[in-house]
Novice: 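My questions all concern the structure below.
Heads up: numbering here begins at 1 and tracks the sequence. Just so it is clear, the values below take in all heavy atoms, side chains as well, and ignore hydrogens, waters and symmetry mates.
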Amino acid sequence: MYTPAITGTGVFTPDQVITNAELVTAFNTYVDLYNTENAAAIAAGDMAAKEHSSEDFIFKASGIEQRYVIDKSGILDPHVMHPLLRQRYDDEPSLMAEMALDAANKALAQAGKTAADVGAVICAASNLERAYPAVAIEIQELLNINGFAFDMNVACSSATFGIQAAADMIRSGSIRSALVVNPEICSAHLEWRDRDCHFIFGDVATATLIERSEDATGTYFEIKSTRCATEFSNNIRNNNGFLRRSRPDGVADRRDMQFMQNGRKVFKEVLPMVSDHIAGHMADNGVQAADLKRIWLHQANKSMNDFIGRKVLGRTPEPGEQPNILQDYANTSSAGSIIAFSKYSNDLQAGDTGLICSFGAGYSVGSVIVQKHG
Ligand code: COA
């Protein structure tokens, strides 16, 4: 048995930002246009008028202040209301591969390694640009990695489930190392015309290099233990998937083809599931709340994270103990906890223990207990 370790992480952040103010202005213009266009049907009671969104609501309900996106022009155009993503040709890198590559190169640089040191690529994300060939194999090809690659999808928990898969293969000796990449183009499966959720998501890509600890050349986080759990629920669902090119092309555009959620139920049902999961994982590994120097949580909602932080530590976390990045990035699905880990882990000391945890659709929850070395 070998000991798996996180030796490098990387984050690709798109260069376009949408503030809450910009988002709400565009949305409210869209609502006014919609209500004017459908004035007769609304007056006759055949259609419901749409209501304005508000910056105040968004910040209070979620803690989100802005989000990065691949294309803001389409999202903020009240006549379009979705990102305009150019269809890539088959002989050029796909968008997800390109984003993941940037994050992967950063993770390799941090670890002081090259692609020659990597044995596998797992592309773990909540939506995939196509079914096959796997995006992971394309990334493998672009990086010139020997070995194998595959895609997996466990929605917001994809990264921690990917880390468990990689860690298990490293433990068993079937591979020496793996890159787990999480390219999340959430803007392409979000319904930007629905005020209940239009503020939730952003785009990003993260990468985590996992190696045998004996191969680490610098400081690293030993993966002490991983645990995954799932429980079926329809409360977060997407019946179509990815990269909508509907209205301009005249393709069907049903509401259920984009991200749908019953936010209140998710809030109520996922919180106990996650708190119990973390408590059980810690107890089985002899980790006490006082042993945890940091928790890096999935970034969906600030109140949810504050609640989980309090449950796990048994008190309100001190500033910095449970870093949030969702005010800047919004919910980036599987990438959220890895962004937090990547940006807020360098200052930990050798021997410090921390916990990465993601949760979301499925329902799914994954946790990783790590300890700093070197
Ligand atoms: N602007 C203004 N008002 C809004 C609004 C907006 N953008 N969106 C909703 N509202 C209104 C609602 O219509 C509702 O009005 P009502 O009380 O008159 O019916 C009120 O604000 C409360 O809406 P609700 O949806 O119940 O808000 P909430 O406090 O539950 O917060 C979420 C909404 C989505 C932020 C919250 O439920 C949540 O974070 N849930 C978990 C989400 C999650 O983790 N999802 C996982 C995704 S991977």
Novice: Side chains of Asn324 and Asn305: closer than 4.5 Å at any heavy-atom pair?
Specialist: yes

Novice: Could you check whether Asp15 and Tyr68, counting side-chain N and O atoms only, form a donor-acceptor pair closer than 3.5 Å?
Specialist: no

Novice: To the nearest 0.5 Å, tell me how far Leu108 CG sits from Thr9 OG1.
Specialist: 11.5 Å

Novice: For Phe341, give me all partners under ring-ring contact (aromatic ring centres under 6.0 Å, His included), at least two apart in sequence or on another chain.
Specialist: Phe221, Trp296

Novice: If you look only at distance, which donor and acceptor atoms sit under 3.5 Å apart when one is on a side chain in residues 276-284 and the other is two or more places apart or in another chain?
Specialist:
unit_1 : atom_1 : unit_2 : atom_2 : d
His277 : NE2    : Arg227 : O      : 3.2
His277 : NE2    : Ser367 : OG     : 2.9
His281 : ND1    : Ser367 : OG     : 2.7
His281 : NE2    : Ser225 : OG     : 2.7
Asp284 : OD2    : Arg227 : NH1    : 3.2
Asp284 : OD2    : Arg227 : NH2    : 2.8

Novice: Do Asn235 and Arg237 meet the criterion of a side-chain donor-acceptor pair at a distance under 3.5 Å?
Specialist: no

Novice: Considering residues, nucleotides and ligands other than Glu214, do more than 12 of their heavy atoms fall under 6.0 Å from its CD?
Specialist: yes

Novice: Can you tell me if Asn35 uses its side chain to pair, donor with acceptor, with the backbone of Ala49 under 3.5 Å?
Specialist: no

Novice: Grab the two heavy atoms, one from Val180 and one from Ala159, that are nearest each other, plus how far apart they are.
Specialist: CG1-O, 4.2 Å

Novice: Short question: side chain of Arg195, backbone of His52 - any donor-acceptor pair under 3.5 Å?
Specialist: yes

Novice: Are Ile356 and Ile223 in one and the same hydrophobic cluster, where Ile, Leu, Val, Met, Phe, Trp and Tyr link if side-chain heavy atoms are under 4.5 Å apart?
Specialist: yes

Novice: Check Ser342, Ser358, Ser157, Cys156 against Ser337 for a side-chain contact (heavy atoms from CB on, under 4.5 Å) and give me the one that passes.
Specialist: Ser358

Novice: Salt bridge or not for Arg264 and Glu269, using N-O below 4.0 Å?
Specialist: no

Novice: Tell me whether Gln110 contacts the main-chain N or O of Ala107 through its side chain, where contact means a donor paired with an acceptor under 3.5 Å.
Specialist: no

Novice: Distance only, no hydrogens: is a donor on one side chain within 3.5 Å (strictly under) of an acceptor on the other, for Asp71 and Ser73?
Specialist: yes

Novice: With a 4.5 Å cut-off on side-chain heavy-atom distances among I, L, V, M, F, W and Y, is there a chain of contacts connecting Ile339 to Ile185?
Specialist: no

Novice: Side chains of residues 96-104: which donor-acceptor pairs under 3.5 Å do they make with residues two or more places apart or in other chains?
Specialist:
unit_1 : atom_1 : unit_2 : atom_2 : d
Glu98  : OE1    : Arg88  : NH2    : 3.2
Glu98  : OE2    : Arg88  : NH1    : 3.1
Asp102 : OD1    : Lys106 : NZ     : 2.7

Novice: Nearest 0.5 angstrom please: His198 NE2 to Arg193 CZ, how far?
Specialist: 13.5 Å

Novice: Please answer: with hydrophobic residues joined when any side-chain heavy atoms are less than 4.5 Å apart, are Tyr344 and Val204 in the same cluster?
Specialist: yes

Novice: State whether Lys113 and Glu211 are salt-bridged, where the test is any N-O pair (Lys NZ or Arg NE/NH1/NH2 against Asp/Glu carboxylate O) under 4.0 Å.
Specialist: yes

Novice: So, are Arg171 and Asp168 salt-bridged, with charged N and O less than 4.0 Å apart?
Specialist: yes

Novice: Just so I know, are the side chains of Ser177 and Arg212 near enough to count as touching, which here means a heavy-atom distance under 4.5 Å?
Specialist: no

Novice: Does the Lys265 side chain pair with the main chain of Ile236, one donor and one acceptor, at a distance under 3.5 Å?
Specialist: no

Novice: Do the side chains of Thr353 and Val370 get nearer than 4.5 Å, heavy atoms only?
Specialist: no

Novice: Supply the atom-to-atom distance Ser333 OG to Asn182 CG, rounded to the nearest 0.5 angstrom.
Specialist: 9.0 Å

Novice: If the condition is ring-ring contact (aromatic ring centres under 6.0 Å, His included), which residues does Phe12 pass it with, not counting sequence neighbours?
Specialist: none

Novice: Check whether Asn153 reaches the backbone of Ala155 with its side chain - one donor and one acceptor, N or O, closer than 3.5 Å.
Specialist: yes

Novice: Does Ser62 use its side chain to pair, donor to acceptor, with the backbone of Phe59 at less than 3.5 Å?
Specialist: no

Novice: Checking Thr332 against Gln299: is there a side-chain donor and acceptor pair closer than 3.5 Å?
Specialist: no

Novice: Do Ser303 and Asn301 pass the side-chain hydrogen bond (donor to acceptor under 3.5 Å, both in side chains) test, and can you show the C-alpha distance, the side-chain angles, and the key distance before you say yes or no?
Specialist: CA-CA 6 Å; Ser303 344; Asn301 179 293; 3.2 Å; yes

Novice: Do Glu65 and Lys302 meet the salt-bridge criterion of a basic N to acidic O distance under 4.0 Å?
Specialist: no

Novice: Would you mind checking if Arg294 and Asp347 are paired as a salt bridge, meaning a charged N to carboxylate O distance below 4.0 Å?
Specialist: yes

Novice: Show your working on salt bridge (charged side-chain N to carboxylate O under 4.0 Å, His left out) between Glu318 and Lys293 and close with a plain yes or no.
Specialist: CA-CA 10 Å; Glu318 297 294 330; Lys293 285 285 179 298; over 6 Å; no

Novice: Can you give each donor-acceptor pair under 3.5 Å made by side-chain atoms of residues 16-27, sequence neighbours left out, with the distance rounded to 0.1 Å?
Specialist:
unit_1 : atom_1 : unit_2 : atom_2 : d
Gln16  : OE1    : Lys72  : N      : 2.8
Gln16  : NE2    : Ile70  : O      : 3.1
Thr19  : OG1    : Glu22  : N      : 3.1
Thr19  : OG1    : Glu22  : OE1    : 3.3
Asn20  : OD1    : Arg67  : NH1    : 2.8
Asn20  : OD1    : Arg67  : NH2    : 2.9
Asn20  : ND2    : Ile64  : O      : 2.7
Glu22  : OE1    : Thr19  : N      : 2.9
Glu22  : OE2    : Lys72  : NZ     : 2.9
Thr25  : OG1    : Ala21  : O      : 2.8

Novice: CH2 of Trp192 to CG of Asp194: how many Å apart, nearest 0.5 Å?
Specialist: 12.0 Å

Novice: Considering only heavy atoms from C-beta outward, does the side chain of Gln322 approach that of Asp306 to under 4.5 Å?
Specialist: yes

Novice: Please identify each residue that fulfils ring-ring contact (aromatic ring centres under 6.0 Å, His included) with Tyr2, with sequence neighbours left out.
Specialist: none

Novice: With a 4.5 Å cut-off on side-chain heavy atoms, are Cys197 and Leu190 touching?
Specialist: yes

Novice: Indicate whether any N or O donor in one side chain lies under 3.5 Å from an N or O acceptor in the other, for Ser187 and Asp203.
Specialist: yes

Novice: Can you see whether Thr13 engages Tyr329 through a side-chain donor-acceptor pair at a distance of less than 3.5 angstrom?
Specialist: yes

Novice: Should the pair His189 and Phe259 be assigned to parallel (<30°), tilted (30 to 60°) or perpendicular (>60°) ring geometry?
Specialist: perpendicular

Novice: Assess whether a salt bridge exists between Glu92 and Arg86, defined as any Lys/Arg side-chain N lying under 4.0 Å from an Asp/Glu carboxylate O.
Specialist: yes

Novice: Can you hop from Met304 to Met273 via hydrophobic side chains spaced under 4.5 Å?
Specialist: yes

Novice: I'd like to check Glu222 versus Ser213 (side-chain heavy atoms, cut-off strictly below 4.5 Å). Are they in contact?
Specialist: no

Novice: Would you say Arg130's side chain and Pro133's backbone share a donor-acceptor pair under 3.5 angstrom?
Specialist: yes

Novice: I'd like to check Ser53 versus Asn28 (side-chain heavy atoms, cut-off strictly below 4.5 Å). Are they in contact?
Specialist: yes

Novice: Could you state the interatomic distance from CG (Leu355) to CD (Gln371), rounded to the nearest 0.5 Å?
Specialist: 13.0 Å

Novice: Assigning hydrophobic clusters by single linkage (Ile, Leu, Val, Met, Phe, Trp, Tyr; side-chain heavy-atom cutoff under 4.5 Å), is Ile137 placed with Phe148?
Specialist: no

Novice: Quick check for you: to the nearest 0.5 Å, what is the distance between Met260 atom CE and Asn262 atom CG?
Specialist: 9.5 Å

Novice: Judged by atom type as modelled, is there a donor-acceptor pair below 3.5 Å linking the side chain of Asp151 to the main-chain atoms of Ala134?
Specialist: no

Novice: Can you confirm whether Ile122 sits close enough to Met152 that some side-chain heavy atom of one is under 4.5 Å from a side-chain heavy atom of the other?
Specialist: yes

